[in-house]
2 protein chains.
Amino acid sequence: MTTYNNQSKLLAAVDCIIFGFDGLHLKILLIKRGFEPALGQWSLMGGFIKKNEDLDEAATRILKKLTGLEGIYLEQLHAFGQPGRDPIDRTISVAYFALIDIHQYEKQLSNDYHPEWFNLNEIPKLIFDHTLMVEAAKEKLRYKAAMHPILFELLPNKFTLPQLQTLYEEIYSASLDKRNFSRKILSTGLLIRQKEKDKINSRRGAYYYKLDKGKYEKKFQSFLNIIPNSHKLR
Amino acid sequence: MTTYNNQSKLLAAVDCIIFGFDGLHLKILLIKRGFEPALGQWSLMGGFIKKNEDLDEAATRILKKLTGLEGIYLEQLHAFGQPGRDPIDRTISVAYFALIDIHQYEKQLSNDYHPEWFNLNEIPKLIFDHTLMVEAAKEKLRYKAAMHPILFELLPNKFTLPQLQTLYEEIYSASLDKRNFSRKILSTGLLIRQKEKDKINSRRGAYYYKLDKGKYEKKFQSFLNIIPNSHKLR
DNA sequence: CAAGATTCGTGTCAAATTAACACTAATTGA
DNA sequence: TCAATTAGTGTTAATTTGACACGAATCTTG
């Protein structure tokens, strides 16, 4: 026997939950589905896995197709395989979540997909089980960000501590003490203060910081405890 | 258009990494593959996903087929989809990991699969990408157990603190201070001390404990910090 | 150009948590 | 009954955490 007989084949797809942060709110990028079924309805960006493509490759390809971006933080989230989740044909979808700097994205809007950013609490009805996927992605992002220095991926190359704090506050719907926050963040040693200040968002101006890339790679697995009592969440 | 034309279909499978603990060592259960290709080689227990089956269902079915057990801790680990990972036909496999009480298993060995338990550091060469899967499962188990009270799943209904400590020590290749260990574990309030003692493993005997199931469900998300400096691991 | 408004940046202290550490108690087997 | 083994427990010092408030820098406006 050199084939697997009698096993039913099915379609395999990838869907991407793309997070961005506009300085105030955490958002995800949705598209208007361009083909039947559910043409015109809001959907995650996705696509079928090609014949000679690995899952990660497929996700990277799809992310690039929508955003034009490469070298993005991308992580496999979960495989979804309910029979009937796609009404047309049995399809397993492997969901990925991506964190992008929303400003890099905005520069190049040229798409057939009519993509739009939605605040997390204003997400429209989505096709299939995409709402489930988004929920799972939100949860995983919160889980992971409580322990790993991951949220930098949502900010520009240079960012300020107030920006970073706002992002944490948005993600955890919590307000944080800025003295404790900066103490914890700076104690990781991951940030390098720049000489320039951001004078756009305040009169006085806040120092820009950059990630220490070397330490970032090494320390990625380190656990932060940015959110006081984050272990009591949920 | 009411079908997805021109998309290539493929096979979808589930593979299970089954962990057990014999009181001394953490082990995984492997089988001798019963069909070509790679007949007779060591492999994870797995199977194709059926026509009307969800992924979790498939994993549950496969776990039951091998161990006879139901109601087992089972969690999706990762989807593996390298083209060519199965030399016969393009197959995506969704890996699950399971934690079982090895003693419940031992009671009923009656299998065509010739299953055997292997210590984690004595795992033989496995087919396809199963070695990768096992590595990922080990890592995830260590990650998760550092923060969630999950290891009880590997122990019998009644267990002693020394047993539990040995399990933690085995998983993290660390030796722990038993005073600090018991303080931390008991402070979760998850354990209920029984009146009987385990007189098998020591002369003096150690109290048995049972899980407080109610609190366990509620507190599952709680973060423990059993391993001092677990955040410095890896 | 002075006064007011805004937001940034920083330090202390008390409370809680953590890690390090050693001895007595219970039981069995010789 | 003595020796050997393993269980069970408490204190202290160090570290980490959370709560808390004010002066500094800069821009705007009158």
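Below, read A as the first sequence line, B as the second, and so on, with proteins coming before strands; counting in each chain starts at 1. Only a predicted model underlies this, so the values are computations on that prediction, with no experimental measurement involved.
The 5' end of DNA chain D is approached more closely, in terms of each residue's nearest nucleotide, by A/D177 than by the other of A/K199 and A/D177. Residue order along DNA chain D, read from the 5' end via each residue's closest nucleotide, puts B/L161 first among B/L161 and A/N180.
Classification of the A/F159-A/F152 ring pair by plane angle, with boundaries at 30° and 60°, yields tilted.
Atom pair B/D198:CG and D/dG8:P shows a separation of 10 Å (rounding to whole Å applied). The distance between atom NZ of A/K195 and atom C1' of D/dA25, rounded to the nearest whole Å, is 19 Å. At whole-Å resolution of the value, CG in B/L186 and P in D/dT9 are 8 Å apart. As rounded to whole Å, 15 Å separates atom C1' of C/dG9 from atom CG of A/L191. Note: CG (A/N201) to C1' (D/dC27) measures 14 Å, nearest angstrom. Whole-Å rounding puts the A/F181 CZ to C/dT10 C1' distance at 15 Å. Atom CD in A/Q165 sits roughly 14 Å away from atom P in C/dT10 (whole-Å rounding). Atom CD1 in B/I200 sits about 15 Å away from atom C1' in C/dT27, given to the nearest Å.
Ring centroid separation for the pair A/Y105 and A/H103 does not come in under the 6.0 Å cut-off. Residues B/Y143 and A/H148 place their aromatic rings such that the two centres sit under 6.0 Å apart.
A salt bridge is defined here as a Lys NZ or Arg NE, NH1 or NH2 lying under 4.0 Å from an Asp or Glu carboxylate O, and B/K138 with B/E135 meets this definition. The existence of a salt bridge linking A/E75 and A/K140 is confirmed by a sub-4.0 Å separation between a basic side-chain nitrogen and an acidic carboxylate oxygen.
Residue B/R203 places a side-chain atom within donor-acceptor reach of the base of C/dT28, judged by atom type and a 3.5 Å distance cut-off alone. For D/dA7, its base sits under 3.5 Å from the side chain of B/R204 at one donor and acceptor pair at least. Interface remark: the A/R183 side chain does form a donor-acceptor pair with the D/dG18 base, using a distance-only criterion of under 3.5 Å.
In this structure, B/K178 reaches the bases: a heavy-atom distance under 4.0 Å links it to at least one base atom across the strands shown.
Considering only side-chain N and O atoms, A/K197 lies nowhere under 4.0 angstrom from the phosphate OP1 or OP2 of C/dG9. Taking side-chain N and O atoms only, B/K184 has no distance below 4.0 Å to OP1 or OP2 of C/dT17.
Nearest nucleotide to the A/Y207 side chain, out of C/dA22, C/dG9, C/dA19: C/dG9.
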